[in-house]
Amino acid sequence: MNILFIVDRLELKWFEFNNLVTNFWIIREMLYERKDVYITTIDGLSLIDGKPMTHCYKSYEKNGNIFFDKSDVHMYINDFDLVMFRQDPPVDGDYINSTYIFDFVDESKTLVMNKPSAVRDFNEKLHAVYFKDLMPENIVTSSRSDILKFLDENEEIVLKPLNRCFGAGVMTLKRGDKNTSVIINSMTNDGKTLAMVQKYIPAAKYGDKRVMFLGEKVLPYSVQKLPSNNDFKFNEHCDENIIKAELSQEEIQSFLPVARKLNSLGIYLAGLDVIDGKIIEINVTSPCYFIKEVNSHFGCQLEKEVTSFILNKVEERLLQRV
């Protein structure tokens with residue numbers, strides 16, 4: 001079985017020994033399963049004579065760590081049984097253009113996870129509004145007057161850019177703040193750029209909970225991501241800032257419709273950021289499963305469960321071809 005991982009440029013740079021990232025664990029487990037795993041970034045994708053191709057590198061495992069052969073290999077994407085599309089935001093022009101390459105992939109031959117066109121069409125902040133009953137009060141707008149009205153009604157709000165990740169650019173704003181105008185103008189690019197605006201949830205001072213999906217299943221494991229670096233949000237991935245969290249059966253049941261909806265779109269791997277039972281964001285581009293931390297807190301091997309789910313999906317596709 002040939003497998004291709006499309007990883008972030010920064011992740012390729014620090015590919016070896018990087019067990020904080022989800023790809024490390026899945027790639028290593030697939031290598032343990034004796035699969036041929038190659039890696040690339042969106043820069044390595046191309047369309048030649050109408051056929052999607054990639055420059056990539058073959059990975060290998062040694063002493064519990066993963067490495068890659070620096071020799072460039074040029075391959076047809078349809079020669080892979082599975083492509084793991086896991087480029088990080090920002091979802092900019094380069095990102096969007098990379099998803100178009102996969103419009104030319106033969107889906108009967110190659111399973112791409114998550115489906116690039118679905119990732120392209122599903123904004124992690126904006127499309128969370130599909131599930132507005134599970135979200136804090138919110139608006140999506142570039143209008144200064146809309147935001148001022150929402151601020152006046154809710155006293156404290158959170159403003160988020162639509163295409164970034166890891167809390168980048170996210171700000172809070174209280175009614176009466178002397179920086180109100182500059183914050184709104186900065187976030188909306190002087191009224192030209194849409195932003196997500198949410199009512200601030202006081203429980204945010206305790207961080208947000210990561211709820212993880214595998215297909216239509218809500219995993220029973222969860223971690224709480226604590227605010228860090230004197231910020232109001234999680235922005236540093238280290239052991240001190242990630243603690244064990246529990247999911248109630250009520251929470252699991254309430255998030256099942258979200259998992260089912262995403263799965264129907266071709267988004268099999270996703271993670272919710274949740275505060276006080278409310279979804280603040282849905283991660284579909286390269287969701288982190290916090291495998292190192294979950295394994296430590298729950299005494300499990302989450303990478304085996306995630307990898308088994310992925311490979312079973314591939315096996316189903318291969319059986320359909322027989």
Side-chain angles (χ1 to χ4, degrees), residues 1-16 18-45 52-61 66-68 73 75-89 91 95 98-107 109-120 122 124 165 212-215 219 262-263 265-271 283-291 302-318:
M1 186 184 293
N2 285 335
I3 298 169
L4 175 68
F5 273 73
I6 299 171
V7 302
D8 191 70
R9 298 179 182 101
L10 189 61
E11 189 176 334
L12 180 66
K13 180 179 179 180
W14 303 108
F15 183 75
E16 297 150 359
N18 193 3
N19 65 3
L20 290 180
V21 300
T22 297
N23 288 338
F24 172 94
W25 295 87
I26 301 176
I27 290 172
R28 191 180 70 170
E29 188 62 26
M30 288 181 172
L31 292 170
Y32 284 158
E33 293 283 335
R34 300 185 182 280
K35 310 304 181 188
D36 290 325
V37 182
Y38 296 78
I39 59 171
T40 191
T41 62
I42 59 173
D43 314 76
L45 302 175
M53 301 191 70
T54 181
H55 290 274
C56 55
Y57 310 97
K58 190 170 185 180
S59 66
Y60 61 94
E61 180 273 336
I66 57 175
F67 305 86
F68 65 93
V73 183
M75 297 181 67
Y76 290 104
I77 292 178
N78 272 130
D79 285 340
F80 292 98
D81 301 293
L82 169 69
V83 176
M84 297 294 294
F85 185 79
R86 291 182 56 81
Q87 163 72 21
D88 289 343
V91 183
Y95 193 112
S98 73
T99 68
Y100 294 142
I101 297 294
F102 290 90
D103 291 344
F104 295 84
V105 170
D106 186 343
E107 294 183 1
K109 296 180 178 178
T110 303
L111 175 64
V112 187
M113 188 181 299
N114 288 322
K115 189 174 182 179
S117 60
V119 172
R120 178 177 71 220
F122 192 99
E124 297 185 319
C165 68
M212 296 168 284
F213 298 161
L214 283 182
L219 292 177
L262 296 179
N263 189 73
L265 297 174
I267 299 172
Y268 304 108
L269 305 176
N283 299 274
V284 303
T285 51
S286 56
C288 181
Y289 277 69
F290 294 93
I291 292 175
L302 180 55
E303 71 275 17
K304 291 186 178 296
E305 186 170 352
V306 175
T307 303
S308 176
F309 169 84
I310 294 169
L311 294 181
N312 283 340
K313 284 287 184 183
V314 181
E315 293 291 348
E316 290 173 7
R317 180 64 57 90
L318 293 175

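- Residues forming a side-chain hydrogen bond (donor to acceptor under 3.5 Å, both in side chains) with Asn2 (at least two apart in sequence, or on another chain): none.
- Distance check: Leu111 CG to Met84 CE gives 8.5 Å after rounding to the nearest 0.5 Å.
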### Query
What do the steps show when you test Tyr95 against Thr285 for side-chain contact (heavy atoms from CB on, under 4.5 Å), and what is the final call?
CA-CA 10 Å; Tyr95 193 112; Thr285 51; 3.4 Å; yes
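- With sequence neighbours excluded, the residues forming a side chain to side chain contact (heavy atoms under 4.5 Å, CB included) with Ser308 are Asn312, listed by chain and number.
- Under the rule for a side chain to side chain contact (heavy atoms under 4.5 Å, CB included), the partners of Lys115 that lie at least two apart in sequence or sit in another chain are Glu107, Ser117, Ala118.
- Not a single side-chain hydrogen bond (donor to acceptor under 3.5 Å, both in side chains) links Asn263 to another residue, sequence neighbours left out.
- Partners of Asp79 according to the salt bridge (charged side-chain N to carboxylate O under 4.0 Å, His left out) rule, which considers only residues two or more places apart in sequence or in another chain, do not exist here.
- Contact check for Phe102 versus Thr110: no side-chain heavy atoms found under the 4.5 Å cut-off.
- In this structure, Ile39 and Glu11 have side chains that are not in contact, with every pair of non-hydrogen atoms separated by 4.5 Å or more.
- Applying the ring-ring contact (aromatic ring centres under 6.0 Å, His included) test to Phe104 and every residue at least two apart in sequence or in another chain returns nothing.
- Atom CG of residue Leu31 and atom OG of residue Ser59 lie 4.5 Å apart, to the nearest 0.5 angstrom.
- Between the side chain of Asn78 and the backbone N or O of Asp106, at least one donor-acceptor pair lies under 3.5 Å.
- Taking Asp8 as the reference, nothing meets the salt bridge (charged side-chain N to carboxylate O under 4.0 Å, His left out) condition, with sequence neighbours excluded.
- Minimum heavy-atom separation, Met1 to Asp81: CA-OD2, 3.3 Å.
- A donor-acceptor contact shorter than 3.5 Å is absent between the side chain of Tyr289 and the backbone of Met212.
- Of the candidates Val21, Ile27, Leu10, Ile27 is the only one forming a side-chain contact (heavy atoms from CB on, under 4.5 Å) with Phe15.
- Between atom CG of residue Leu20 and atom CH2 of residue Trp14 there is a gap of 13.0 Å, rounded to the nearest 0.5 Å.
- Among residues two or more places apart in sequence or in another chain, the side chain to side chain contact (heavy atoms under 4.5 Å, CB included) test is passed with Lys304 by Glu29, Gln301.
- The shortest non-hydrogen separation linking Asn114 to Phe85 is O-CB, 3.8 Å.
- Here the side chain of Gln87 pairs no donor or acceptor atom with the backbone of Ile6 at under 3.5 angstrom.
- The two residues Pro52 and Val105 come nearest to each other via the heavy atoms CG-CG2, 3.8 Å.
- Shortest non-hydrogen contact noted between Leu214 and Val306 is CD1-CA, 4.1 Å.
- Rounding to the nearest 0.5 Å places CG of Asn23 at 4.5 Å from CZ of Arg86.
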### Task
Show the numbers, then the answer: is there a side-chain contact (heavy atoms from CB on, under 4.5 Å) between Phe309 and Leu269?
CA-CA 10 Å; Phe309 169 84; Leu269 305 176; 4.2 Å; yes
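- Contacts of Ser286 classified as side-chain hydrogen bond (donor to acceptor under 3.5 Å, both in side chains), with partners at least two apart in sequence or in another chain: Asp88.
- For Glu303, there are no salt bridge (charged side-chain N to carboxylate O under 4.0 Å, His left out) partners, not counting sequence neighbours.
- Under the salt bridge (charged side-chain N to carboxylate O under 4.0 Å, His left out) criterion, Lys13 pairs with no residue at all, not counting sequence neighbours.
- Side-chain contact between Arg9 and Asp43: present, with at least one pair of heavy atoms (C-beta onward) separated by less than 4.5 Å.
- Rounding to the nearest 0.5 angstrom, the gap separating the CG atom in Asp36 from the OH atom in Tyr60 is 15.0 Å.
- More than 12 heavy atoms of other residues, nucleotides or ligands sit less than 6.0 Å from atom CZ of Phe68.
- With sequence neighbours left out, Thr54 forms a side chain to side chain contact (heavy atoms under 4.5 Å, CB included) with Leu4, Thr40, Leu45, Cys56, Ile77, Phe80.
- Here the CG-CZ distance, from Leu12 to Phe5, works out to 13.5 Å after rounding to the nearest 0.5 Å.
- In plain terms, the two heavy atoms of Ile3 and Lys35 that are nearest each other are CD1-CB, 3.8 Å.
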